[in-house]
Amino acid sequence: MIYADNAATTELDKDAFEAMRPFLIENYGNASQSYFFAANARRAIESARKKIADCIGAEPEEIYFTSCGTESDNWAIKMAAGDYGDIVTSVIEHHAVLNSCAALERQGRNIIYVPVTQVGEVDSNCFEEYITKNTKLISVMFANNEIGTIQPIKKLTDIAHKHKCLFHTDAVQAVGHVHIDVHALEIDMLSASAHKFNGPKGIGFLYLKKGIELNSYLNGGSQEKGLRAGTENVAFIVAMAVALEKNCKCIDENQKYLKKLESLLLERIKLAGVDFILNGSRNKIPGNISLSFADVEGEMLLHRMDLQGICISTGAACDSKNIQVSHVIKEIRVPKRYAEGTIRISLGKNNSKEDVLAIADVLINIIK
Ligand code: PLP
């Protein structure tokens with residue numbers, strides 16, 4: 001098998017796995033209890049919080065553990081905007097953001113969806129036009145999951161603060177893959193998910209800038225300063241911190257390697273004379289390759305590649321009658337002839353040069 005769907009999820013890091021084991025077997029104490037046995041778990045959580053904070057330029061007390069990126073997005077969007085105020089977001093957000101906004105919209109809230117350019121960037125020059133005096137929250141993703149485009153975050157936080165709005169970013173695809181300093185970028189809230197950076201599935205965090213008041217999303221016990229109730233998943237929190245720290249130490253090296261693999265893949269496909277469009281901007285997550293092929297179906301490509309043991313993703317899926325082009329591919333206005341033939345190959349640090357050459361050759365063969 002060749003796994004090339006790292007934007008969907010990543011392989012669990014072996015050190016992260018080893019680090020979490022003792023907290024599943026020997027140190028299973030509930031971190032909220034006050035006896036000695038529980039202190040190990042409590043210490044491990046606080047040490048993980050510090051490691052994670054260091055990786056994104058935050059203070060430990062600004063990190064809140066959640067069950068996943070989706071929960072972090074729901075929490076930030078539904079709670080930060082309170083009971084009133086407009087929300088400005090982009091048309092290419094992940095459904096964790098779009099559907100959180102839609103839920104508020106059903107309750108009568110005003111949500112403004114900002115369009116993107118053909119490479120998937122929000123235009124910071126005209127972004128202000130979408131902000132009204134009622135806007136309370138702006139939520140724009142750090143990097144897109146389907147095409148990898150990275151947004152001009154600092155320009156957007158400047159605009160948000162000029163208009164006294166809070167700024168949230170869904171950084172699920174970016175954390176651990178690009179350098180992020182939340183204080184330097186003046187981000188108010190940031191969502192992240194461990195399984196996108198070689199941590200376990202079902203654990204994430206929300207960065208919440210000190211001084212910002214956010215209502216709790218899950219009510220119950222006093223965990224996470226009373227803001228996120230529920231017994232902490234100590235083992236997964238520990239593993240998330242190990243995985244993030246490990247990735248952050250090698251961001252430059254990983255980026256360089258992934259860019260090399262990406263060029264190799266694209267060169268091979270170009271050389272074969274295949275008609276395709278490379279989606280996304282130049283400033284994107286390395287390894288996230290969205291390709292739209294002329295006159296083929298993306299889902300056919302996915303299944304034919306699957307039969308040859310290659311895991312990729314699609315930007316256009318079929319039901320029995322129609323080809324459904326994803327909202328992202330629609331919003332960046334990929335021509336119809338190509339849009340239906342969109343796939344996403346997302347390479348990770350564990351992919352080899354041989355993997356990439358095999359992917360290219362199988363793809364070329366199927367298309368030809
Ligand atoms: N946001 C983005 C941009 C994502 O890519 C994903 C997952 O694919 C999520 C949010 C949801 O994260 P999780 O799977 O941890 O709920």
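Indexing begins at 1, ligand by ligand and atom by atom, following the structure's order. Numbering starts at 1 and runs along the sequence shown. Here the structure is a predicted model, which is why all the values come from computation and not from measurement.
A donor-acceptor pair is defined here as one N or O able to donate and one able to accept, closer than 3.5 Å; such a pair exists between the side chain of Asn351 and the backbone of Gly348.
Checking Ser216 against Asn219 by side-chain atom types alone, a donor-acceptor pair falls below 3.5 Å. Counted by atom type alone, Thr132 and Asp86 present one or more donor-acceptor pairs between their side chains at under 3.5 Å. Judged purely by distance below 3.5 Å, without hydrogens or angles, the side chains of His195 and Thr10 never pair a donor atom with an acceptor atom.
For ligand 1, the polar-atom distance check finds no N/O of Asn145 at less than 3.5 Å from any of the ligand's N/O atoms. Looking at Ala7 next to ligand 1, no N or O pair under 3.5 Å apart turns up.
Ligand 1 lies nowhere less than 4.0 angstrom from a heavy atom belonging to Lys201. Contact annotation: Glu71 has no heavy atom less than 4.0 Å from any atom of ligand 1.
For Phe236 and Phe65, the gap between ring centers reaches or exceeds 6.0 Å.
Of the heavy atoms in Asp73, only side-chain atoms (C-beta onward) come closer than 4.0 Å to ligand 1.
Near Ser193, meaning under 4.0 Å from any of its heavy atoms, are these atoms of ligand 1: 13 (P), 15 (O). The atoms of ligand 1 that sit less than 4.0 Å from any heavy atom of Met141 are 3 (C).
In terms of protein heavy atoms, atom 1 (N) of ligand 1 is closest to Asp170 OD2, 2.6 Å. Looking only at protein heavy atoms, the nearest one to atom 5 (O) of ligand 1 is Gln173 NE2, 2.8 Å. Considering only non-hydrogen protein atoms, atom 16 (O) of ligand 1 sits nearest to Thr70 OG1, 2.5 Å. From the protein, the heavy atom lying nearest to atom 4 (C) of ligand 1 is His94 CD2, 3.2 Å.
Residues Lys162 and Asp158 are not paired through a salt bridge, judged by the lack of any N-O separation under 4.0 Å between the basic side chain and the carboxylate.
Taking a 6.0 Å sphere around CZ of Phe36, one finds it holds 12 or fewer heavy atoms contributed by other residues, nucleotides or ligands.
Nearest to atom 7 (C) of ligand 1 by heavy-atom distance, out of Glu146, Lys196, His195, Glu93, is Lys196.
Nearest heavy atoms, Ala96 versus Asn74: O-ND2, 3.9 Å.
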